[in-house]
Structures are given as C-alpha cells and as structure tokens.
Amino acid sequence: MSLYRRNLIKIYDKLFAAFGPQHWWPAESDFEVVVGAILTQSVSWKNVEKAIENLKAEGLLSVDGILKAERQKLADLVRSTRYYNQKAEKLKNICRHIKDNYDGDICKMFEKDLFEMRRELLSIKGLGRETADSIILYAARKPIFVVDAYTRRIFSRLGFLPEDADYQAMQDFFMQNLPEDVELFNEYHALIVRLGKDCCRNQNPLCAECPVSDACKFYSALTNNAVGADAGTGRENTGRNRKGEYKKST
C-alpha cells in the first residue's frame, strides 16, 4: 500500500469515527438525485429540499413534468436554490436530453460506460464536472470521486494538494490513491463536506474540534507560530488566535 493511500484511508477512518455514516444521497429516486445534484450548486441542502418538495407538490418531479412546466413556473418552484433561472434551464436541458435519447428513461443512460456517460453529461449545456460526477456516483452508482471547494480547502490544508489544484488534478489524486469503490467514494465525499461545514471553514476554522487536526499542516503551522510568538513572554496562551483556532498551552 502506498503512503498516500495509507494516509488517505487514515483520514477517512478518523472522519467516519467522528461523524458516522452520512447517508448520502438523500432521495426517493435516481431522478431525484439528478435534480438535487443540479440544484445543490452554491446553496445549502435545506434550500434544495424546499425546491424538491415544491416540485413534488406540483407533480413535476419527473422528466415529463419538468419538460411540460413553463420555464418561469419552474424557476419559481426552485427559487430557494439561488440562480434559479439558470438552474431551471439546466433541469430543462438534461430532461430534454433524457427524453430525446432515452425515451425519458434515465436508467438507460446509466447503462453506459462511466467515462462515456461523463462525456455525454458534460456535453449538456450548463452541466459542470461536479454536477456530472455527482450524478454518476450517487444516481448511476459508478465509481468516480466527486470533488468540490471543501475538498480543495481541506486537502490543501492537510498538505496533500496545492491550493491552486484544479478539479481534474484533485480527482485524479483520489482515484489513483484509493480503492475503486462506489461506497467508499460516496461516504468519503460526504464526510469531506461534513468536515468542511462543521470545522474546516474558510474563515475562522474550528481546528480544535477537527478530528484530523493532528495530521494537518495548516493547524501545525498556526500552533507553532502561536507558540513562537509567545515564547519569551512567560504567558500561557490558551485562547483563540485571530483566525479563531484554539492555541495550545505553552
């Protein structure tokens, strides 16, 4: 086992021990996963849930339902998800693709090879890599690792990736150093999101509450700098520093 794989598995084990299973993706159907993957970009999941409930209440949570809905009505129903006009357009685009190419049966699209399906999804106007990969992993249940802003932040702070790593470089890193396993990829990504929301925030990260802080170069640098700054003062430094992390006692 390579050093990277061993360390990535250790990180996963610590996150799972701290947070437990995340039960992703919460949905009643594969199509609902597809809709959620489009709506969740740049917004919290609770706002996505409101939009999905609106679509269900109107009887529109289906390929045909979204296609028959007036564009403005569809946008109003998903208004809680921000950028609702663009997202309504994306929903129309993918449903039109499924209708035209698979007679409205999304399961037929999922029968395709992973990378062929990815190329196809990315050809649909408005669908980016994170959305396409979320559909592949969580709806089609094929082994592709989903990365996002949380992934970049956390794993650059841990020292695995540079801060300016692009999407493909990050995805390649995980897929080359982890077993090709749908359940692992599913749970790992969900745990990364949980860590990013709960502890590893962009501003004022809660490092003292982080289950992987002992392996974090970002946290190590902060605590070392804090100790160095107080080295000659004779003061005990146990409060928060200006970035919000707890400092270790000297």
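Residue numbers start at 1 and run along the sequence shown.
- Annotation: the span from Met109 atom CE to Leu121 atom CG amounts to 5.0 Å, rounded to 0.5 Å.
- Atom CD1 in Ile106 sits 13.5 Å away from atom NZ in Lys99 (nearest 0.5 Å).
- For Tyr83, the OH atom is loosely surrounded, since the number of other residues' heavy atoms within 6.0 Å does not exceed 12.
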#### Entry: CA sep, side-chain torsions, deciding dist, call: Ile154, Val212, side chain to side chain contact (heavy atoms under 4.5 Å, CB included)
CA-CA 10 Å; Ile154 291 167; Val212 294; 5.6 Å; no
### Task
Would you sort out whether Cys210 and Tyr219 count as a side chain to side chain contact (heavy atoms under 4.5 Å, CB included), showing the intermediate values?
CA-CA 10 Å; Cys210 175; Tyr219 182 57; over 6 Å; no
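- The two residues Ala165 and Met170 have their closest heavy-atom pair at CB-CG, 3.8 Å.
- In terms of the side chain to side chain donor-acceptor pair (under 3.5 Å) criterion, residue partners of Arg141 (sequence neighbours excluded) are, by chain and number, Asp30.
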### Message
Is there a side chain to side chain contact (heavy atoms under 4.5 Å, CB included) between Glu130 and Val147? Walk through the geometry before answering.
### Response
CA-CA 7 Å; Glu130 184 183 341; Val147 299; over 6 Å; no
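- Between Pro205 and Arg153, every side-chain heavy-atom pair lies at or beyond the 4.5 Å cut-off.
- Within the structure, the ring-ring contact (aromatic ring centres under 6.0 Å, His included) test picks out the following pairs touching residues 20-79 (sequence neighbours left out): Trp24-Tyr138, Trp24-His189, Trp25-Trp45, Trp25-Tyr138.
- For the atom pair CD of Glu53 and OG of Ser80, the computed distance is 10.5 Å after rounding to the nearest 0.5 Å.
- Taking the six-membered ring for Trp, Phe173 and Tyr4 have ring centres closer than 6.0 Å.
- The shortest side-chain heavy-atom distance between Pro143 and Met175 does not fall under the 4.5 Å cut-off.
- Taken from OG in Ser62 to NZ in Lys68, the straight-line distance is 7.0 Å, to the nearest 0.5 Å.
- Considering Leu91, Ile94, Leu60, Val78 in turn, Leu91 is the only one that fulfils the side chain to side chain contact (heavy atoms under 4.5 Å, CB included) rule with Val35.
- Of all heavy-atom pairs between Asn93 and Lys125, the closest is ND2-O, 3.1 Å.
- With a 4.5 Å cut-off on side-chain heavy atoms, Glu116 and Arg119 count as touching.
- Using a distance-only test at 3.5 Å, with no hydrogens or angles considered, no donor-acceptor pair links the side chain of Ser220 to the main chain of Lys217.
- Val48 approaches Gly36 most closely through the heavy-atom pair CG1-CA, 4.1 Å.
- The number of heavy-atom neighbours closer than 6.0 Å to CD of Glu163, taken from other residues, nucleotides and ligands shown, is 12 or below.
- Ile144 is listed as a side-chain neighbour of Gln171, based on a closest heavy-atom distance under 4.5 Å.
- Remark: of the listed residues Phe160, Phe218, Tyr150, Phe160 is the sole one forming a ring pair (Phe, Tyr, Trp, His ring centres under 6.0 Å) with Phe155.
- Salt-bridge formation is not detected for the pair Lys73/Asp76: no Lys NZ or Arg NE/NH1/NH2 atom is positioned less than 4.0 Å from an Asp or Glu carboxylate oxygen.
- Closest of all the heavy-atom pairs between Tyr167 and Arg152 is N-NH2, 4.2 Å.
- Atom CD of Glu70 sits in a sparse spot, with 12 or fewer heavy atoms from other residues, nucleotides or ligands closer than 6.0 Å.
- In the hydrophobic clustering of ILVMFWY residues, with side-chain heavy atoms under 4.5 Å counting as a link, Ile98 and Leu122 come out apart.
- Looking at Glu89 and Asn85, their side chains never bring a donor and an acceptor atom within 3.5 Å of each other.
- The same ILVMFWY cluster, assembled from side-chain heavy atoms under 4.5 Å apart, contains both Val34 and Tyr84.
- In this structure, Thr131 contributes its side chain and Leu127 its backbone to no donor-acceptor pair below 3.5 Å.
- A salt bridge links Asp198 with Arg194; the closest basic N to acidic carboxylate O contact falls under 4.0 Å.
- Contact of the Arg118 side chain with the Lys142 side chain is not registered, since no non-hydrogen atoms from C-beta on lie closer than 4.5 Å.
- Put simply, the side chain of Gln22 reaches to within 4.5 Å of the side chain of Leu191, judged on heavy atoms.
- Remark: side-chain polar atoms of Lys14 are not paired, donor with acceptor, to backbone N or O of Ser213 under 3.5 angstrom.
- The main-chain N or O of Asp148 is found under 3.5 Å from a side-chain atom of Thr151 such that the two form a donor-acceptor pair.
- Side-chain contact between Leu74 and Ile66 is present, with heavy atoms from C-beta onward closer than 4.5 Å.
- Residues Thr40 and Thr81 fail the side-chain proximity criterion, which asks for heavy atoms closer than 4.5 Å.
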### Message
With side chain to side chain contact (heavy atoms under 4.5 Å, CB included) as the criterion, how do Gln41 and Lys90 come out once you've worked through the C-alpha distance, each side chain's angles and the decisive distance to 0.1 Å?
### Response
CA-CA 12 Å; Gln41 299 303 309; Lys90 293 175 185 180; 5.6 Å; no
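- Once rounded to the nearest 0.5 Å, the distance linking CG of Asn47 with CZ of Arg79 reads 13.0 Å.
- Contact record, Asn202 with Arg157: O-NH2, 3.4 Å, taken as the closest heavy-atom pair.
- For the atom pair CD of Gln176 and OG of Ser2, the computed distance is 10.5 Å after rounding to the nearest 0.5 Å.
- At a threshold of 4.5 Å between side-chain heavy atoms, the hydrophobic network of Ile, Leu, Val, Met, Phe, Trp and Tyr places Leu67 and Ile38 in one connected group.
- The side chain to side chain donor-acceptor pair (under 3.5 Å) search around Ser29 returns none, not counting sequence neighbours.
- When all heavy atoms are compared, the tightest approach of Ile192 to Phe145 is CD1-CZ, 4.1 Å.
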